[in-house]
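Take a look at the structure set out below.
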Amino acid sequence: MQYALLRTSALALAFAASAGLAAAQQQPPPADAQQQSQQEKAQQTPSGQMGKEEPSSHAPSAAPPANAVLVNGALAVPDAPATDMVPAKFSAKNAADDALITIAYTFKTLTDDERRAICEALKGQPAAAFNADVGTELAPAIELRPVPNEVTARVPQTKGYRFAVANNRVLLVGTSRIVVGVFGDANAPASEGRRGP
């Protein structure tokens, strides 16, 4: 008898719980025009739009405190070393470096003497009539010659590369026929391997 009563009570409790869940899952009644208008207005406020974008992304930048260690991503302490870690949005140099193809960075770090040595040693070779900048893939018809040993002895970074001369500029080319370094006349400013416009 007790078992039957216990069983009946458990079934009644389960039925009541399922009826409560069913009622909770029902859709709310449709909102009237006034409620819809209020909801739309609430979504137009700054607090209603918080999920759309990070609010701090448009915060006005204040002057850094006088004792700040980092200012615009650069160390602002006495005798701090220069670094390439400053974000590109604060450093024109780093923004230009970011535009380089990876392999061209090797030739960006050459000294002016090394650049001049490459240009002087190779500019007397037969020239072609075409124009190319770093990142340009050269056509198969353009003849490429290996960089001579006397140049690679002076500038070891050029070992294994080929070159072409065009418009008074020496173009260093990788194995995929992509220009990775451009060196101008000694009297003209040498390209640092940046992409052309």
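Under a cutoff of 6.0 Å and an axis angle of 45°, Arg169 and Phe183 do not form a cation-pi pair.
Under a 3.5 Å cut-off, the side chain of Arg145 and the backbone N or O of Ala164 do not form any donor-acceptor pair. A side-chain donor-acceptor contact under 3.5 Å links Glu114 to the backbone of Thr111.
When every heavy atom of Thr136 is checked against every heavy atom of Asp133, the shortest pair comes out as OG1-O, 2.9 Å. Between Arg162 and Thr175 the shortest heavy-atom distance is NH2-O, 3.5 Å. Between Val151 and Ala121, the closest heavy-atom pair is CG2-CB, 3.5 Å. Among all heavy-atom pairs drawn from Ala132 and Val182, the shortest one is O-CG2, 4.3 Å. What you find for Gly184 and Cys119 is that their closest heavy atoms are O-SG, 2.6 Å. Of all heavy-atom pairs between Leu171 and Ala166, the closest is CD1-CB, 4.3 Å.
Rounded to the nearest 0.5 angstrom, Lys108 NZ and Gln157 CD are separated by 13.5 Å. With values rounded to the nearest 0.5 angstrom, Arg154 atom CZ is found 10.0 Å from Glu120 atom CD. Here Ile118 contributes atom CD1 and Asp113 contributes atom CG; the two are 11.5 Å apart, rounded to the nearest 0.5 Å. With rounding to the nearest 0.5 angstrom, the CD atom of Gln125 is 9.5 Å from the CD atom of Glu143.
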Quiz item: Going through the distances and angles, do Leu138 and Val179 end up as a side-chain contact (heavy atoms from CB on, under 4.5 Å)?
Solution: CA-CA 7 Å; Leu138 298 181; Val179 177; 3.8 Å; yes
Practice problem: Just do the side-chain contact (heavy atoms from CB on, under 4.5 Å) check on Tyr161 and Val180 with the steps written out, would you? | Solution: CA-CA 9 Å; Tyr161 287 92; Val180 296; 3.7 Å; yes
Quiz item: Do Phe130 and Ile142 pass the side-chain contact (heavy atoms from CB on, under 4.5 Å) test, and can you show the C-alpha distance, the side-chain angles, and the key distance before you say yes or no?
Solution: CA-CA 9 Å; Phe130 68 93; Ile142 297 173; 3.8 Å; yes
Quiz item: Could you walk me through whether Thr158 and Phe107 pass the side-chain contact (heavy atoms from CB on, under 4.5 Å) check?
Solution: CA-CA 8 Å; Thr158 59; Phe107 300 109; 4.2 Å; yes
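Looking only at side-chain heavy atoms (C-beta outward), Arg177 and Leu144 come within less than 4.5 Å of each other.
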